[in-house]
Amino acid sequence: MMKPKIVIGNWKMNKDFEEAEDLISTIEDELADFQLQTEVVLCPPAIYAELVTDHASEEGSNFYAGLQNVSEYENGAYTGEISAEMQASMDVSFCIVGHSERRKYFGETDEIVLKKMHRLLANDIVPVMCCGETLEERKAGKHFEIVEKQIESTICTLTPEELERVMIAYEPIWAIGTGETATPEQAQEMLAFIRSLIEKKFGTQLAVFTYILYGGSCNAKNALELFSQPDVDGGLIGGASLKADEFIKIIEAAETVIKDN
């Protein structure tokens, strides 16, 4: 039996409060009619954490609350930062770490990403660890090398028990917010490669169990074909998660794949 798919909406820095509330409510209402096998996570800006956790905690809710970033520090004089402990106290269940935009604009390294993962794990929050290569790196044929380094510096340093509580999202940087998408074959090739790295380090059972998602301009039109690939366990959705109807169609695509298998 196929394990459930995961669909995570990463809103990035979008929506004012009323728009955020409308979007969450609409998604909640739409999902109420589903007998979902797909796990859905909404990751709005941190300022809306209570809004999304309130909705996620309602009886009959079909989604989890997540956020987009966490501090590498436990607590203290770090103005503007939000700790994993704070997130846990608000019933946040998932948190994205190492997104390419955090790496590019805020200088996050694999070392910082690993620290953030440990903070989240210590507070029973699932880290969704992002990895991926630039267009230049892919054109130079270095995409496997780049991703392998990211995985070995982070995922492969975990214990098996820690890995069981972590998800990986492969995002080819050249396909984020550009409208460009890796072909289903390219996505499958890289996700299979990532899974092989995990299998080499942790064994077959953990490799099969580990959730590996695809991100990078995944939308309602290509989700079905992407999710049908054997190693694609779901998607980390950016722009398409800002439109309720589009996001619901992506979830429907995940449900279709599960039912067909």
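Residues I237 and S241 come closest through the heavy atom pair O-OG, 3.3 Å. Closest approach of G132 and I146 over heavy atoms only: O-CG2, 4.0 Å. For G66 against V92, the heavy-atom pair with the smallest separation is CA-CG1, 4.0 Å. Among all heavy-atom pairs drawn from V208 and K3, the shortest one is O-NZ, 2.5 Å. In terms of heavy atoms, R138 sits closest to Q186 at NH1-NE2, 3.7 Å. Residues A65 and T53 approach most closely at CB-CG2, 3.5 Å, considering heavy atoms.
At a threshold of 4.0 Å, the pair K142-E133 does not count as salt-bridged, since none of the basic side-chain nitrogens sits closer than that to a carboxylate oxygen. A salt bridge between E72 and K116 is absent, with no side-chain N of the basic residue lying under 4.0 Å from a carboxylate O of the acidic one.
Residues V40 and L236 are members of separate hydrophobic clusters, defined by side-chain heavy-atom contacts under 4.5 angstrom among Ile, Leu, Val, Met, Phe, Trp and Tyr. Criterion: ILVMFWY side-chain heavy atoms under 4.5 Å apart, direct or through other members. Under it, V97 and I198 are part of a common hydrophobic cluster. Cluster annotation: I251 is not connected to F94 through the hydrophobic network of ILVMFWY side chains, with a link wherever side-chain heavy atoms come within less than 4.5 Å.
Under the 3.5 Å distance criterion, the side-chain polar atoms of R195 are matched with a main-chain donor or acceptor of A207. No side-chain donor-acceptor contact under 3.5 Å links E108 to the backbone of K104. A donor-acceptor distance shorter than 3.5 angstrom exists from the side chain of R165 to the backbone of L121, with no hydrogens or angles considered. Counting only distance, with no hydrogens or angles, the side chain of E30 and the backbone of D245 share no donor-acceptor pair below 3.5 Å. When atom types are taken as modelled, the side chain of S217 and the backbone of A175 share a donor-acceptor pair closer than 3.5 angstrom. Using a distance-only test at 3.5 Å, with no hydrogens or angles considered, no donor-acceptor pair links the side chain of Y105 to the main chain of G107. The main-chain N or O of L31 is found under 3.5 Å from a side-chain atom of N62 such that the two form a donor-acceptor pair. For E137 (side chain) and T134 (main-chain N/O), a donor-acceptor pair under 3.5 Å exists by modelled atom type. For E246 (side chain) and A220 (main-chain N/O), a donor-acceptor pair under 3.5 Å exists by modelled atom type. Of the possible polar contacts, none joining the D22 side chain to the S25 backbone as a donor-acceptor pair under 3.5 Å is found.
Open room surrounds CD1 on I47; 12 or fewer heavy atoms of other groups in view lie less than 6.0 Å from it. Within 6.0 Å of atom CD in Q205, 12 or fewer heavy atoms from other residues, nucleotides or ligands are found, so the atom counts as exposed in its surroundings. Counting heavy-atom neighbours within 6.0 Å of E162 CD, excluding the residue itself, gives a total above 12. Within 6.0 Å of the CD atom in E50, the count of heavy atoms belonging to other residues, nucleotides or ligands does not exceed 12. Atom OH of Y64 has 12 or fewer neighbouring heavy atoms from other residues, nucleotides or ligands inside a 6.0 Å radius. Within 6.0 Å of CD in E81 there are more than 12 heavy atoms belonging to other residues, nucleotides or ligands.
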**Request:** Apply side-chain hydrogen bond (donor to acceptor under 3.5 Å, both in side chains) to the pair E58 and S61, showing each step before the final yes or no.
**Result:** CA-CA 5 Å; E58 290 178 1; S61 171; over 6 Å; no

**Request:** Verify side-chain contact (heavy atoms from CB on, under 4.5 Å) between T210 and F202, making sure each step is shown before the conclusion.
**Result:** CA-CA 10 Å; T210 300; F202 296 99; over 6 Å; no

**Request:** Before giving the answer on side-chain contact (heavy atoms from CB on, under 4.5 Å), spell out for Y73 and K115 the whole-Å C-alpha distance, their side-chain angles and the decisive distance to 0.1 Å.
**Result:** CA-CA 8 Å; Y73 302 106; K115 287 179 180 178; over 6 Å; no

**Request:** Apply the test side-chain contact (heavy atoms from CB on, under 4.5 Å) to residues E101 and K12: give CA-CA distance (whole Å), side-chain angles for both, the deciding distance (0.1 Å), then the verdict.
**Result:** CA-CA 10 Å; E101 291 157 2; K12 306 189 180 183; 2.8 Å; yes

**Item:** Stepwise side-chain hydrogen bond (donor to acceptor under 3.5 Å, both in side chains) test for Q188 and D231
**Value:** CA-CA 6 Å; Q188 167 58 25; D231 283 291; 2.7 Å; yes

**Residue pair D110, R103: steps toward the salt bridge (charged side-chain N to carboxylate O under 4.0 Å, His left out) verdict** = CA-CA 9 Å; D110 289 336; R103 295 175 187 261; 2.7 Å; yes

**Item:** Verdict with supporting geometry, V166 and L158, side-chain contact (heavy atoms from CB on, under 4.5 Å)
**Value:** CA-CA 10 Å; V166 170; L158 301 176; 3.9 Å; yes

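Taking CG of L206 as the reference point, atom CG of L163 lies at 5.0 Å (rounded to 0.5 Å). In this structure, CD1 in I6 is found 6.5 Å from CD1 in I8, a value given to the nearest 0.5 Å. Atom SG of C131 and atom CG of L197 lie 9.5 Å apart (nearest 0.5 Å). Put simply, CG on L213 and CG on L226 are 12.0 Å apart, with the number rounded to the nearest 0.5 Å. Once rounded to the nearest 0.5 Å, the distance linking OG1 of T109 with CG of L114 reads 9.5 Å. In this structure, the separation between NE2 on H55 and CD1 on I27 is 10.5 Å, given to the nearest 0.5 Å.
The aromatic rings of F17 and Y48 sit perpendicular to each other, their planes meeting at more than 60°, with 30° as the lower class boundary.
Looking at Q87 and L120, their side chains come closer than 4.5 Å, going by heavy atoms from C-beta outward. Between M167 and M129, every side-chain heavy-atom pair lies at or beyond the 4.5 Å cut-off.
Side-chain atoms of E171 and H99 form a donor-acceptor pair, as typed in the model, at a separation below 3.5 Å.
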